[in-house]
Number of protein chains: 2
Amino acid sequence: MADINFSTSSPDPDSRPGAARSPAPGQTNLRWDIIELLFFAYRDFVGDADTELEAFGFGRAHHRVLHFVHRYPGLKVADLLNVLRITKQSLGRVLKQLLDEDYIVQRTGNNDRRQRLLYATAKGEALVGKLAGLQTDRINHALSGIAPDGVETVRHFLRAMIDHDDPDKVLATILEAGGATAKDKA
Amino acid sequence: MADINFSTSSPDPDSRPGAARSPAPGQTNLRWDIIELLFFAYRDFVGDADTELEAFGFGRAHHRVLHFVHRYPGLKVADLLNVLRITKQSLGRVLKQLLDEDYIVQRTGNNDRRQRLLYATAKGEALVGKLAGLQTDRINHALSGIAPDGVETVRHFLRAMIDHDDPDKVLATILEAGGATAKDKA
DNA sequence: AAGATACGTCAATATGGCTGACATAAATTT
DNA sequence: AAATTTATGTCAGCCATATTGACGTATCTT
């Protein structure tokens with residue numbers, strides 16, 4: 001391996017490994033900029049909620065569960081597992097806490113009594129609403145100065161970033177169906 | 001199969017806490033749709049790399065380190081800590097692996113010999129390029145059908161989602177400076 | 001009655017984060 | 001020259017969140 005001898009301020013291009021791009025086969029133009037922007041944007045986006053959650057003794061996992069239960073009232077445990085892509089065991093602990101502390105309630109399904117349908121309580125709604133408020137502030141800030149059709153472009157982009165081919169994804173299917181959510185339809 | 005059968009069991013509206021929205025104080029319109037799209041988009045976006053990384057025995061943390069070292073050759077450890085917002089100890093473990101397995105090399109700074117400047121090796125470049133290729137494919141797919149100025153809108157949105165107020169963020173500053181990266185400038 | 005499904009739980013383990021404390025070398029300040 | 005600060009590394013231990021595998025129970029389906 002070549003030694004990379006150059007000063008801090010003026011790197012020697014010859015021995016700088018970064019000088020020669022090694023793109024994936026068939027790739028010439030990699031989207032470094034957008035890859036990086038996505039990282040930073042998401043980091044700061046979830047950072048808003050993370051900070052707030054600490055005061056409640058909750059983590060990001062709790063937020064995700066509460067969010068989707070709020071958005072899709074009556075969600076089954078199995079649905080939640082599909083959406084969050086975690087295991088039953090991981091979900092179990094988080095969900096138990098949310099149930100114990102009255103952020104979420106379970107109701108036995110009427111059609112299928114094996115099911116435990118999940119609903120956010122008023123307490124849960126308040127928390128998830130507060131968190132969504134923080135994130136909405138950031139989104140609104142980011143969208144200010146973007147025309148309405150530009151906002152639609154952003155939505156289109158984000159929607160197209162999501163896997164469509166995966167039949168497991170219950171919620172993605174709903175999202176694609178015109179952007180209406182279960183809650184919107186209700 | 002799994003279904004979002006929120007209406008299947010026809011929950012009792014009276015006992016359904018989700019019936020009443022409880023938006024954060026002062027907020028009327030929360031951006032539920034974009035919040036959710038960001039979650040799914042990012043989940044699938046990083047999923048591409050995560051799958052590939054498993055074959056190398058690496059995790060997401062390794063990818064992030066390798067990515068930024070590749071993008072900003074000669075990055076200091078302290079810079080990396082700021083960017084990734086993790087502690088020295090957490091970074092240490094991951095970085096050590098990448099050094100031991102020759103994905104990254106360290107060089108003592110010429111100006112300040114305390115510094116360990118980081119560079120990706122050819123091996124590291126190859127891996128990070130491969131991962132970026134996967135993510136670029138997804139991004140290109142998502143951007144297909146979006147006009148050039150629409151792509152600029154997406155970039156603008158993502159950039160505006162990032163915290164600007166934080167002076168610690170070495171790289172964010174660079175990103176804001178017209179979108180040129182350290183690597184682009186070199 | 002038999003089998004599949006939805007859910008819960010136990011046990012063990014890995015990863016990636018954290019804090020606090022301490023060590024060393026090198027730069028900077030006094 | 002001595003003292004202090006800075007950049008980095010490391011040790012020890014803790015926590016949150018994820019994993020797989022196995023098993024139990026209630027309930028629906030065939």
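Side chains included, hydrogens not; waters and symmetry mates left out as well; all remaining heavy atoms used. The chains referred to below are lettered A, B, ... by the order of the sequence lines, with proteins before strands, and numbering in each begins at 1.
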For atom NZ of A:K76 and atom P of D:dT27, their distance in whole Å: 16 Å
Could you check which of C:dC7, D:dC28, D:dT19 has an atom nearest any side-chain atom of A:T87? D:dT19
Give a yes or no on whether the ring-centroid distance for B:Y42 and A:F45 is below 6.0 angstrom. no
Between protein and nucleic acid, restricted to nucleotides 2-6 of chain D and to nitrogen or oxygen atoms under 3.5 Å apart, what atom pairs and distances do you find?
| unit_1 | atom_1 | unit_2 | atom_2 | d |
| --- | --- | --- | --- | --- |
| D:dT6 | O2 | B:R114 | NH1 | 2.5 |

Just the rounded figure in Å: distance from P of C:dA25 to CG of B:N110. 19 Å
I'd like to know whether CZ of A:R113 has more than 12 heavy-atom contacts from other residues, nucleotides or ligands below 6.0 angstrom. no
What is the distance from CZ of A:R113 to P of C:dA4, rounded to the nearest Å? 23 Å
Would you say the side-chain atoms of A:R43 pair up with the backbone N or O of B:V83, donor to acceptor, closer than 3.5 Å? yes
Main chain of B:G109, side chain of B:D112: is a donor-acceptor contact present, judged purely on distance under 3.5 Å? no
Between D:dA7 (C1') and B:N82 (CG): distance, integer Å: 12 Å
In whole angstroms, the gap separating C1' of D:dG9 from CD1 of B:I86 amounts to 14 Å
Locate the shortest heavy-atom distance separating A:V105 from A:T121; write the atom from each residue and the value. CG1-CG2, 3.5 Å
With respect to the side chain of B:V77, which nucleotide from D:dG9, C:dA27, C:dC7 is positioned closest? D:dG9
Give me the residues of residues 88-99 of chain B where at least one heavy atom lies under 4.0 Å from an atom of DNA chain D, by number, or none. B:K88, B:Q89
Taking atom C1' of C:dC18 as reference, at what distance in whole Å does atom CG of B:L84 sit? 15 Å
Please work out which of the three classes, parallel, tilted or perpendicular, describes the rings of B:H67 and A:W32, given edges at 30° and 60°. tilted
Which heavy atom in A:N140 sits nearest to a heavy atom in B:R31, and how many Å separate them? OD1-NE, 2.6 Å
With a 4.5 Å heavy-atom cut-off, do A:M161 and B:D44 have their side chains touching? no
Within residues 55-63 of chain B, the residues having a heavy atom closer than 4.0 Å to DNA chain C are B:G59, B:R60, B:A61, B:H62
If you assign each of A:R64 and A:R116 to its closest nucleotide in DNA chain D, which residue comes earlier from the 5' end? A:R64
Going by heavy atoms in the side chains, are A:I162 and A:L158 under 4.5 Å from each other? no
Whole-Å gap separating P (C:dG16) and CG (B:L80): 15 Å
Can you find a side-chain donor-acceptor pair between B:E52 and B:H63 that sits under 3.5 Å? no
I'd like to check B:P73 versus B:H70 (side-chain heavy atoms, cut-off strictly below 4.5 Å). Are they in contact? no
Distance in angstrom units between B:N111 CG and C:dA27 C1', rounded: 12 Å
